[in-house]
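Quick notes on the structure that follows.
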Amino acid sequence: MSMPALFKGRLSIPVIGAPLFIISVPDLVIAQCKAGVVGSFPALNARPPELLDEWLGRIKEELAAYDRAHPERPSAPFAVNQIVHKSNNRLDHDLALCEKHKVPMIISSLGAREELNQAVHNWGGIVFHDVINQKFAHKAIEKGADGLILVAAGAGGHAGTLSPFPFVTETRQWFDGPIALSGAMGNGKAIRAARVLGADFAYIGSAFIATKEANAVEGYKNMITGSAAEDIIYSNLFTGVHGNYLKPSIVAAGMDPDNLPTSDPSKMSFGTDASGERAKPKAWKEIWGSGQGVGSVEKIVPAAELIARFNKEYEEAVDPAL
Ligand SMILES: Cc1cc2nc3c(=O)[nH]c(=O)nc-3n(C[C@H](O)[C@H](O)[C@H](O)COP(=O)(O)O)c2cc1C
């Protein structure tokens, strides 16, 4: 187990609030950090791109004010997610802003890049890279990432297929740096279990969709609180990459979730066919992503209340005597 110095004394519970496309906005990030959980957001959520400067300035200012008022319990660090994929033409722009604001932590996805890791280290930040298998995990560390996010089966959004048990165990056989385990955790017992397994952090996304601060429509939040593991389907139809989605949102879009065609993986992220006609409902806006852990999420609450529940359950979670 290995907790970087950046986090020491600043977490109420070893949780990273995972970046969520569209949904993670400064209100949510600030609430997470104030409650002692790493808050994060995808840089791409700031639209137009210039908005990122304003977001980073606001997050830093509000957290610094909080820290001055609560020196005994400073806020958790925040992180920015960068999609390192050739389709992301904002990467250089967004990274320059992260450098300007000396963002403490970068979460990189869809491509490990040595220059990115070096740039973040130069301004004093750390990088966690998210991976779905051992091959990508080795590559990320070889290229200089500081930590790994193991995206296991059942995670919301683009997810892997490995069980968290062997995924953490086998990674720990060669890597003693920081590990965050991602996928299907919606309560404090699961967070404790991730730590017992050998991870340093639980990386939690879907549970935060049902918070007041999340930028999601009410129907989406209600679907999260009303669903359980069996309401989640794993499909590559909507973006070309396999991910987990809420079945009721697929039904609402007029499709049968139990008879979905598969998609051509070379065509990522489409919403129109060749003629420009609407071919499929849009992933994320109409087809709602979620992991399998939502059965533990029963009401829409402020993020601080959700984190307080996690803390209580985490403290109470013990291995029962035989
Ligand atoms: C709606 C939604 C959007 C997501 N968007 C992103 C994203 O933009 N970037 C990213 O790296 N991961 C994204 N993820 C994945 C999460 O960061 C994280 O791996 C996942 O939510 C963890 O599993 P859980 O949802 O079961 O807690 C998204 C997940 C969901 C549910």
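Just so we're clear, the structure is a prediction, and the values are computed from it rather than from any experiment. Whatever order the structure lists ligands and atoms in, that order sets their numbers, starting from 1.
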The protein heavy atom nearest to atom 26 (O) of ligand 1 is A184 N, 2.8 Å
Value for CD1 (I30) from CH2 (W55), rounded to nearest 0.5 Å, stands at 10.5 Å
- prompt: Mind checking whether G293 has a heavy atom under 4.0 Å from ligand 1?
  reply: no
So the atoms of ligand 1 within less than 4.0 Å of a heavy atom of G156 turn out to be 15 (C), 20 (C), 21 (O), 23 (O), 24 (P), 25 (O), 26 (O), 29 (C), 30 (C), 31 (C)
Regarding ligand 1, does F21 bring an N or O atom to under 3.5 Å of one of the ligand's N or O atoms? yes
Of S206, G243, G205, G291, the one whose closest heavy atom lies nearest atom 25 (O) of ligand 1 is S206
Per-atom filter on ligand 1: closer than 4.0 angstrom to a heavy atom of S182 are 18 (C), 19 (O), 20 (C), 22 (C), 23 (O)
For G154, the ligand 1 atoms with a heavy-atom partner under 4.0 Å come out as 26 (O)
Closest to atom 6 (C) of ligand 1 (heavy atoms only, candidates P19, A18, A202, G186) is P19
Numbered in order shown, the ligand 1 atoms found under 4.0 Å of a heavy atom of I204 are 27 (O)
- Task: Apply the test side-chain contact (heavy atoms from CB on, under 4.5 Å) to residues I23 and Y220: give CA-CA distance (whole Å), side-chain angles for both, the deciding distance (0.1 Å), then the verdict.
- Result: CA-CA 11 Å; I23 297 161; Y220 191 176; 3.6 Å; yes
Would Y220 count as a contact residue for ligand 1, given that I'm defining contact as a non-hydrogen atom of the residue lying under 4.0 Å from a ligand atom? yes
Note to self: For V84, is there any backbone N or O sitting under 3.5 Å from a side-chain donor or acceptor partner on N88?
What the structure shows: no
* Stepwise ring pair (Phe, Tyr, Trp, His ring centres under 6.0 Å) check, Y203 with F128 -> CA-CA 11 Å; Y203 191 80; F128 279 30; 8.5 Å; no
If we number the atoms of ligand 1 from 1 as shown, the ones under 4.0 Å from a heavy atom of N81 are 7 (C), 8 (O), 9 (N), 10 (C), 11 (O)
Could you check whether E62 pairs with R58 (Lys NZ or Arg NE/NH1/NH2 to Asp/Glu carboxylate O, under 4.0 Å)? yes
Q) Are L52 and L63 connected in the hydrophobic side-chain network, where two residues link if heavy atoms are under 4.5 Å apart? A) yes
Polar atom proximity, S109 to ligand 1 (N or O, under 3.5 Å) = yes
Under 4.0 Å from one or more heavy atoms of A155, ligand 1 contributes atoms 23 (O), 26 (O)
Ligand 1 atoms nearer than 4.0 angstrom to some heavy atom of D130 are 11 (O)
### Query
Is atom CD of E50 surrounded by more than 12 heavy atoms (other residues, nucleotides or ligands) closer than 6.0 Å?
yes
Per-atom filter on ligand 1: closer than 4.0 angstrom to a heavy atom of P42 are 8 (O)
Point to revise | Whether Y245 and W284 hold their rings parallel, tilted or perpendicular, with breakpoints at 30° and 60° | key: tilted
among protein heavy atoms, the one nearest atom 2 (C) of ligand 1 is L20 CD2, 3.8 Å
_Tell me whether Q292 has any N or O atom under 3.5 angstrom from an N or O of ligand 1._
no
Consider only side-chain heavy atoms of I, L, V, M, F, W and Y, link residues closer than 4.5 Å, and tell whether F208 and V301 are in one cluster.
yes
Check your understanding: Are D200 and R172 close enough for a salt bridge, meaning some N to O gap below 4.0 Å?
Key -> yes
Margin query: With a 4.0 Å cut-off on N to O distance, would you call D258 and K247 a salt bridge?
Written below: yes
Contact check: G157 vs ligand 1, nitrogen or oxygen atoms, below 3.5 angstrom
no
